[in-house]
Structures are given as C-alpha cells and as structure tokens.
Engineer: 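Below is a structure I'd like to ask you about.
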Amino acid sequence: MPIDSLLSDIQDTNLSYLLLVQRLLNEDRATAMFRLKLDEAMADLLASLSVKQLSQLARSNQLLCRLCFDEPEQLTRLIEDPRDQGLGQIHAALLMASSSQRQGASPVRMNRR
C-alpha cells in the first residue's frame, strides 16, 4: 500500500474519530468521558471544536486515537472469553476501567501542529 494511501486512511480515521468523540460528548458526556478516558478540560475542548478545527486536527500524519489495552493479556481475555455477548461488554468495560486506574487515568492526548 503506498504511503499516500496510508496517510489518507489515517486522516479519514482521525476525522471519523473526532466526529464520533463530539457526538458521544453531546449525547452522554459522563459516559463518553469514561469510555474515551478524557478529563473535563479535554472534553470541553473537544466538544467546542468547529468543523474547520476538527478537519485541521484530522490532517495529522499520526493517529489521534489509540488502543486502550496496554497489555496483550487484556485483549486476549476479551477475544477468547466464552461469555455471553452482554457479559462480554461488561467485562470489556471493567478491563478498560482497571487499565485506566493502573495508569492514573491519563486521558488520550492529541498531537497538535
């Protein structure tokens, strides 16, 4: 895959992610902050960005989102867990919450140009 195509995919993913973040924050702020591991200041900033500002951020050559699991064992537990789908979602939420506790609940940071 050519570099230009990868960069375009990263930028498309960034814009989709930022739009989703804003939608989640507007629909249920507390849940969005928990799921995205955002603090109040970052949530306020992201929710207030204009479409132009979102587009500028999306044009970064780095992904603005990251996988929330730091240890491969956490992901393995989710994909190999034979639990019912409903319980699997609760299990995923608990794993993500415990991950943020070990990290000191550090929010996702975005690179700015």
Engineer: Do the non-hydrogen side-chain atoms of Y17 and L54 ever get within less than 4.5 Å of each other?
Structural biologist: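 No, side chains not in contact.
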Engineer: Going by the rule side chain to side chain contact (heavy atoms under 4.5 Å, CB included), which residues pair with I10 if we only count those two or more places apart in sequence or in a different chain?
Structural biologist: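 For I10, the residues satisfying side chain to side chain contact (heavy atoms under 4.5 Å, CB included) (neighbours in sequence not counted) are N14, L63.
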Engineer: Going from CG on N61 to CD on Q11, what distance comes out if it is rounded to the nearest 0.5 angstrom?
Structural biologist: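 Answer rounded to 0.5 Å: 8.0 Å.
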Engineer: Sequence neighbours left out, what passes side chain to side chain donor-acceptor pair (under 3.5 Å) with T13? Give chain and number order.
Structural biologist: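 Counting only residues at least two positions away or on another chain, T13 forms no side chain to side chain donor-acceptor pair (under 3.5 Å).
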Engineer: Answer yes or no: is there a side-chain heavy-atom contact under 4.5 Å between K37 and C68?
Structural biologist: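 In contact.
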Engineer: Does R23 have any salt bridge (charged side-chain N to carboxylate O under 4.0 Å, His left out) partners at least two apart in sequence or in another chain, and if so, which?
Structural biologist: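 R23: salt bridge (charged side-chain N to carboxylate O under 4.0 Å, His left out) contacts with E27.
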Engineer: Please tell me whether V51 and L64 are part of a single hydrophobic cluster in this structure, the criterion being side-chain heavy atoms less than 4.5 Å apart.
Structural biologist: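 No; L64 is not reachable from V51 via cluster members.
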Engineer: How long is the straight-line distance from CG of L24 back to CG of L36, given to the nearest 0.5 Å?
Structural biologist: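 It comes to 6.0 Å.
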Engineer: Is L57 linked to L7 within one hydrophobic cluster, defined over Ile, Leu, Val, Met, Phe, Trp and Tyr using a side-chain heavy-atom separation of less than 4.5 Å?
Structural biologist: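 Each belongs to a different hydrophobic cluster.
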Engineer: Got a sec, which residues hit salt bridge (charged side-chain N to carboxylate O under 4.0 Å, His left out) with D12, two or more places apart in sequence or on another chain?
Structural biologist: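 By the salt bridge (charged side-chain N to carboxylate O under 4.0 Å, His left out) rule, D12 matches no residue at all.
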Engineer: Quick check on side chain to side chain contact (heavy atoms under 4.5 Å, CB included): which of N26, L49, L46 does V21 satisfy it with?
Structural biologist: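 That would be L46; it is the only one of N26, L49, L46 passing the side chain to side chain contact (heavy atoms under 4.5 Å, CB included) with V21.
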Engineer: Going through the distances and angles, do R29 and D44 end up as a side-chain contact (heavy atoms from CB on, under 4.5 Å)?
Structural biologist: CA-CA 10 Å; R29 184 180 178 87; D44 289 342; 2.3 Å; yes
Engineer: Between Q22 and L18 (side chain of the first, backbone of the second, donor and acceptor by atom type, cut-off under 3.5 Å), is there such a pair?
Structural biologist: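 Not at all, since once roles are kept as given, no pair shorter than 3.5 Å links the two residues.
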Engineer: Please name all residues satisfying side chain to side chain contact (heavy atoms under 4.5 Å, CB included) with S48, sequence neighbours left out, ordered by chain then number.
Structural biologist: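 Here the qualifying residues are L45.
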Engineer: M42 vs M33, test: side-chain contact (heavy atoms from CB on, under 4.5 Å). Steps then yes/no.
Structural biologist: CA-CA 9 Å; M42 184 62 81; M33 287 174 59; over 6 Å; no
Engineer: Please list, chain by chain and in numerical order, all residues satisfying side chain to side chain donor-acceptor pair (under 3.5 Å) with S55, sequence neighbours excluded.
Structural biologist: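 With sequence neighbours excluded, S55 shows a side chain to side chain donor-acceptor pair (under 3.5 Å) to R59, given in chain and number order.
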